[in-house]
Amino acid sequence: MSIINMFRKEALRHQYKSQEFGNSVIKQPSIINNSIIALCIIIIVTTLTIQFVTLSTSQTYDVVLGADNYYPLAMSKAVVISQQLVTEGALVSKDQPLANINIINELEQADEQRYLRASKAGIYFQSQTNSTIVPAYQAIGYLLDNSILNDFSLWLQQEPRKPVRIGQSVNIIINQQVIEGRVSMIVGSFVAGKGQKILVTFSSTRHLSLLSPTSSLQIKLNEQPKTIAQLLL
């Protein structure tokens with residue numbers, strides 16, 4: 001074989017290889033195009049999500065009803081409760097008999113019988129005691145003062161992640177029941193071991209009979225739903 005033929009065959013081999021390589025290069029633009037399309041779709045979906053998907057930022061905390069919501073009913077002498085005349089959480093009027101009681105005399109005997117009467121209108125709650133004997137000046141029962149404004153004081157037990165705002169919408173959760181309301185006043189800042197006092201105006205008196213002094217409550221501080229874009233700003 002001549003040297004010229006050898007060079008010719010070698011040149012043809014290189015030509016075929018370059019053609020094969022060229023064919024492989026031709027396939028790459030379709031992969032790149034698909035990648036660009038996929039990237040554009042991801043960008044569009046991400047943009048729409050950031051602009052329009054809203055997230056709730058509401059937070060729930062333990063809360064205690066303030067003692068100033070209640071008017072205690074007490075006697076200057078120790079008494080024995082012989083009979084409750086109204087049910088727990090009942091709405092009562094002024095001077096309405098609430099319970100039969102007996103005054104304990106100097107001989108420590110149940111003597112004079114009287115009525116425990118409501119000193120004002122309100123919702124009546126019995127004193128949570130394990131004994132029917134109530135010492136002098138200790139509450140025999142309580143009246144929840146449901147004023148016209150339905151304004152109640154509450155103590156937040158955990159420090160809020162965001163400052164509480166006047167006018168902020170809240171939900172009071174009691175035994176899976178919910179009372180809606182708004183913050184009407186903020187009294188001071190959060191104090192460790194004591195909490196933060198706020199006043200809430202309830203939208204309805206529907207579940208006030210659940211507001212016993214010993215009730216376990218939670219408060220949900222509602223925030224206006226925000227988009228992801230607003231939260232990132």
Side-chain angles (χ1 to χ4, degrees), residues 61-157 170-181 184-185 187 191 193-219:
Y61 304 95
D62 294 330
V63 70
V64 174
L65 284 159
D68 53 347
N69 294 311
Y70 301 94
Y71 186 86
L73 302 171
M75 301 290 290
S76 59
K77 295 183 179 180
V79 301
V80 174
I81 303 173
S82 58
Q83 184 184 12
Q84 294 284 353
L85 302 177
V86 297
T87 58
E88 181 86 352
L91 179 63
V92 298
S93 55
K94 184 178 179 180
D95 293 328
Q96 180 177 340
L98 306 175
N100 283 326
I101 58 175
N102 292 89
I103 305 296
I104 297 178
N105 58 26
E106 291 79 3
L107 300 176
E108 297 185 353
Q109 295 175 340
D111 189 4
E112 183 183 353
Q113 185 174 3
R114 291 188 186 179
Y115 285 129
L116 175 68
R117 294 181 180 273
S119 54
K120 58 190 299 184
I123 298 174
Y124 176 66
F125 296 100
Q126 302 168 15
S127 178
Q128 301 298 316
T129 176
N130 296 326
S131 174
T132 57
I133 301 175
V134 182
Y137 300 108
Q138 183 172 312
I140 304 170
Y142 299 91
L143 288 173
L144 178 65
D145 183 13
N146 63 325
S147 63
I148 298 175
L149 297 176
N150 293 319
D151 218 20
F152 299 90
S153 65
L154 305 136
W155 285 89
L156 288 170
Q157 298 301 287
V170 301
N171 291 337
I172 307 298
I173 305 167
I174 318 164
N175 299 331
Q176 299 183 340
Q177 302 288 340
V178 176
I179 304 178
E180 297 180 350
S184 58
M185 186 180 296
V187 184
V191 178
K194 186 176 181 181
Q196 182 177 17
K197 184 177 181 180
I198 62 174
L199 269 62
V200 173
T201 301
F202 292 159
S203 304
S204 169
T205 59
R206 184 176 174 186
H207 298 303
L208 294 186
S209 60
L210 300 175
L211 296 179
S212 166
T214 58
S215 293
S216 177
L217 285 75
Q218 287 186 314
I219 186 170

Query - Pairs touching residues 64-73 that satisfy salt bridge (charged side-chain N to carboxylate O under 4.0 Å, His left out), sequence neighbours left out - result: D68-K197
Query raised in the report: Is there a side-chain contact (heavy atoms from CB on, under 4.5 Å) between L144 and F152 once you walk through the steps?
Result: CA-CA 10 Å; L144 178 65; F152 299 90; 3.7 Å; yes
Requested in this report: Given side-chain contact (heavy atoms from CB on, under 4.5 Å), test V170 with F202 step by step and report yes or no.
Outcome: CA-CA 9 Å; V170 301; F202 292 159; 5.8 Å; no
**Report entry** Spacing of OG belonging to S153 relative to CG belonging to N69, to within rounding of 0.5 Å
**Finding:** 3.5 Å
Would you mind writing out the side-chain donor-acceptor pairs for residues 74-86 within the sub-3.5 Å range, not counting sequence neighbours?
{"residue": "S82", "atom": "OG", "partner": "N100", "partner atom": "O", "Å": "3.1"}
{"residue": "Q83", "atom": "OE1", "partner": "N100", "partner atom": "ND2", "Å": "2.9"}
{"residue": "Q84", "atom": "OE1", "partner": "Y124", "partner atom": "OH", "Å": "3.2"}

Report task. Could you tell me which residues satisfy side-chain contact (heavy atoms from CB on, under 4.5 Å) with T214, sequence neighbours excluded, listed by chain and number? Result -> Q128, S212
Query raised in the report: Could you give the distance from CD1 (I173) to NE2 (H207), rounded to the nearest 0.5 Å?
Result: 12.0 Å
Query - Side chain proximity check, L143 to I123, heavy atoms < 4.5 angstrom - result: no
Report task. Could you note down all residue pairs passing side chain to side chain donor-acceptor pair (under 3.5 Å) where residues 113-122 supplies at least one of them, sequence neighbours left out? Result -> E112-R114
Query raised in the report: Taking only residues two or more places apart in sequence or in another chain, which ones pass side-chain contact (heavy atoms from CB on, under 4.5 Å) with P135?
Result: Q138
Report task. Considering non-hydrogen atoms only, spot the tightest contact between A139 and P72 and give its length. Result -> CB-CB, 4.1 Å
Report task. Would you sort out whether V200 and D151 count as a side-chain contact (heavy atoms from CB on, under 4.5 Å), showing the intermediate values? Result -> CA-CA 6 Å; V200 173; D151 218 20; 5.7 Å; no
Report summary line: So CD of Q218 and CG of N175: to nearest 0.5 Å the spacing works out to 11.0 Å
Query raised in the report: Mind checking whether V178 and I172 have side chains closer than 4.5 Å, heavy atoms only?
Result: no
**Report entry** Donor-acceptor pair, side chain of Q157 and main chain of W155, under 3.5 angstrom
**Finding:** yes
Query raised in the report: Under 3.5 Å, is there a donor-acceptor pair between the side chain of S215 and the main chain of L210?
Result: yes
**Report entry** Side chain to side chain, L73 and F125, heavy atoms closer than 4.5 Å
**Finding:** no
Report summary line: Interatomic distance, CG@L217 vs CG@L154, rounded to 0.5 Å, equals 7.5 Å
Requested in this report: Go through N171 and I219 one step at a time and tell me if the side-chain contact (heavy atoms from CB on, under 4.5 Å) criterion holds.
Outcome: CA-CA 6 Å; N171 291 337; I219 186 170; over 6 Å; no
Report summary line: Here the salt bridge (charged side-chain N to carboxylate O under 4.0 Å, His left out) pairs for residues 80-105, sequence neighbours left out, are none
Requested in this report: Without swapping roles, check the side chain of S184 against the backbone of L199 for a donor-acceptor pair under 3.5 Å.
Outcome: yes
